[in-house]
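In what follows, every heavy atom counts, from backbone to side chain, and hydrogens, waters and symmetry copies are set aside. Quick caveat: nothing in here was measured; it's all calculated off a predicted structure.
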Amino acid sequence: MINKELLRTQSAEFAVELNDEAAERFDIYAKLLVEWNEKMNLTGITHPDEIVTKHFVDSLVVSRYCDLQAGTRLVDVGTGAGFPSIPLLIANPHIDAVLIDALAKRLTFLQAVLDECGLSARLIHGRAEELGRDPRLRETFDIATARAVAPMNVLAEYCLPFVKIGGSLIALKGSDDDVTPAADAITALGGEITLTQAYNLPNGDGRSMAVVSKISQTPTKYPRKNKKITTQPL
C-alpha cells in the first residue's frame with residue numbers, strides 16, 4: 001500500500017534507518033489503519049503518502065531526541081491510533097512500550113496492529129489522570145510521549161506523573177507557542193523544559209517538539225481530576 005522507498009528516504013532525513021522487516025510492518029500498519037478507519041474514527045489522513053509523512057515519519061522524529069535502548073520503558077499517553085508509539089516500536093522493537101487510551105475500541109485496533117506485525121506492547125484502557133496515580137505506573141517510565149493531545153500546561157499534568165526522575169516527556173506539537181508559558185506549570189510538576197525544536201516534515205508542514213526533563217518527584221496532589229485540569233490549568 002505505502003511507498004516503502006518514500007518511507008525509508010523520509011525517515012533517513014531524521015536519522016532513522018529502517019530495515020526490510022520494519023518497512024513491511026509499516027505497510028501492514030497503514031493497511032489496517034485505512035481498513036479500520038472505515039468503521040471507526042481513527043484518522044482524517046488516509047492517502048498512503050500522507051500516512052507515511054504525517055503519521056509515520058512525524059512519529060519517528062522522536063528518535064532524534066531520546067535514546068531508545070533495549071528495555072527503555074516508554075508510555076504513550078492518549079495514544080489514539082498509535083502515534084507516536086507504534087512507529088517507534090516498529091523501528092525499535094526492543095523497547096518496553098505501554099499505550100494508554102480512554103477509548104477501548106482504539107485499543108482493540110492497536111492490538112490487531114500488534115498481532116499482525118508480530119510486536120508486543122502493553123495496552124491499558126483508562127484515563128491518564130487516574131492511571132497517573134497508580135503506583136504500578138507512577139514515575140516508572142523513562143520516556144512519556146504525547147502527540148497533539150492538549151495545551152502544554154495541561155499535557156504536562158497528564159504525562160509527567162508517569163515519568164521517573166531522570167526521564168523525559170517528549171511532546172509532539174503543531175506549534176511551540178504554548179511551551180514557554182507553561183514553564184511554571186512544568187516546574188510545579190517536577191519538570192524542566194530542556195529543548196523546544198521547530199522543524200519541517202519532508203512535505204514542508206511545520207511541526208515542533210518539546211522535551212521536558214523530570215528533575216524531581218511530582219507532588220502527590222497531581223494529577224488532579226480531569227475537570228480541574230482542564231478548567232483550572234496550572
Side-chain angles (χ1 to χ4, degrees), residues 11 13-17 56-80 83-89 91-92 94-100 128-129 131-133 137-201 205-224 229 233-234:
S11 298
E13 291 183 32
F14 293 96
V16 178
E17 302 295 331
F56 295 166
V57 175
D58 191 31
S59 296
L60 291 171
V61 172
V62 171
S63 299
R64 295 187 69 177
Y65 300 94
C66 60
D67 186 10
L68 296 175
Q69 300 180 36
T72 296
R73 296 204 71 211
L74 180 148
V75 60
D76 192 14
V77 180
T79 186
F83 306 116
S85 52
I86 296 290
L88 292 172
L89 183 62
N92 306 273
H94 50 269
I95 65 174
D96 179 7
V98 174
L99 285 60
I100 291 173
E129 67 274 14
L131 295 172
R133 290 185 167 277
L137 299 172
R138 188 179 178 91
E139 297 190 324
T140 63
F141 292 93
D142 301 296
I143 297 166
T145 58
R147 185 173 183 248
V149 173
M152 194 65 199
N153 56 340
V154 172
L155 190 64
E157 187 166 355
Y158 285 134
C159 297
L160 278 175
F162 291 104
V163 182
K164 67 184 184 183
I165 295 174
S168 300
L169 160 63
I170 301 180
L172 293 170
K173 305 184 69 62
S175 166
D176 61 359
D177 291 347
D178 68 346
V179 176
T180 301
D184 288 346
I186 288 167
T187 298
L189 293 160
E192 179 181 62
I193 301 168
T194 50
L195 177 69
T196 57
Q197 181 69 53
Y199 59 95
N200 290 323
L201 294 177
D205 286 356
R207 294 286 189 272
S208 68
M209 174 180 295
V211 179
V212 176
S213 296
K214 186 70 172 284
I215 59 174
S216 62
Q217 284 190 323
T218 299
T220 55
K221 63 182 177 180
Y222 302 118
R224 298 167 296 164
I229 293 174
L234 294 174

Taking salt bridge (charged side-chain N to carboxylate O under 4.0 Å, His left out) as the test, write out the residues that go with Arg138, two or more places apart. none

Do the non-hydrogen side-chain atoms of Leu88 and Ser63 ever get within less than 4.5 Å of each other? yes

For residues 57-67, the salt bridge (Lys or Arg N to Asp or Glu O under 4.0 Å) pairs (sequence neighbours left out) are Asp58-Arg147, Asp58-Arg207

Side-chain heavy atoms of Leu195 within contact of Met209, under 4.5 Å: no

Nearest-0.5 Å distance, CG of residue Leu189 to CG of residue Asp184: 11.0 Å

As an exercise, state the distance from CG of Asp205 to OH of Tyr199, rounded to the nearest 0.5 Å. 10.5 Å

Going by heavy atoms in the side chains, are Asp142 and Lys164 under 4.5 Å from each other? yes

To the nearest 0.5 Å, what is the distance between CD1 (Ile100) and CZ (Phe162)? 4.0 Å

Once salt bridge (charged side-chain N to carboxylate O under 4.0 Å, His left out) is applied, do any residues pair with Arg224, and if so which ones, sequence neighbours excluded? Glu157

Taken to the nearest 0.5 Å, the spacing of Asp76 CG from Phe141 CZ works out to 10.5 Å

Measuring only between side-chain heavy atoms, which start at C-beta, is Leu137 closer than 4.5 Å to Val75? no

So, Lys214 side chain and Gly190 main chain: donor-acceptor pair closer than 3.5 Å or not? no

Heavy-atom count check: over 12 atoms from other residues, nucleotides or ligands less than 6.0 Å from Asn200 CG? yes

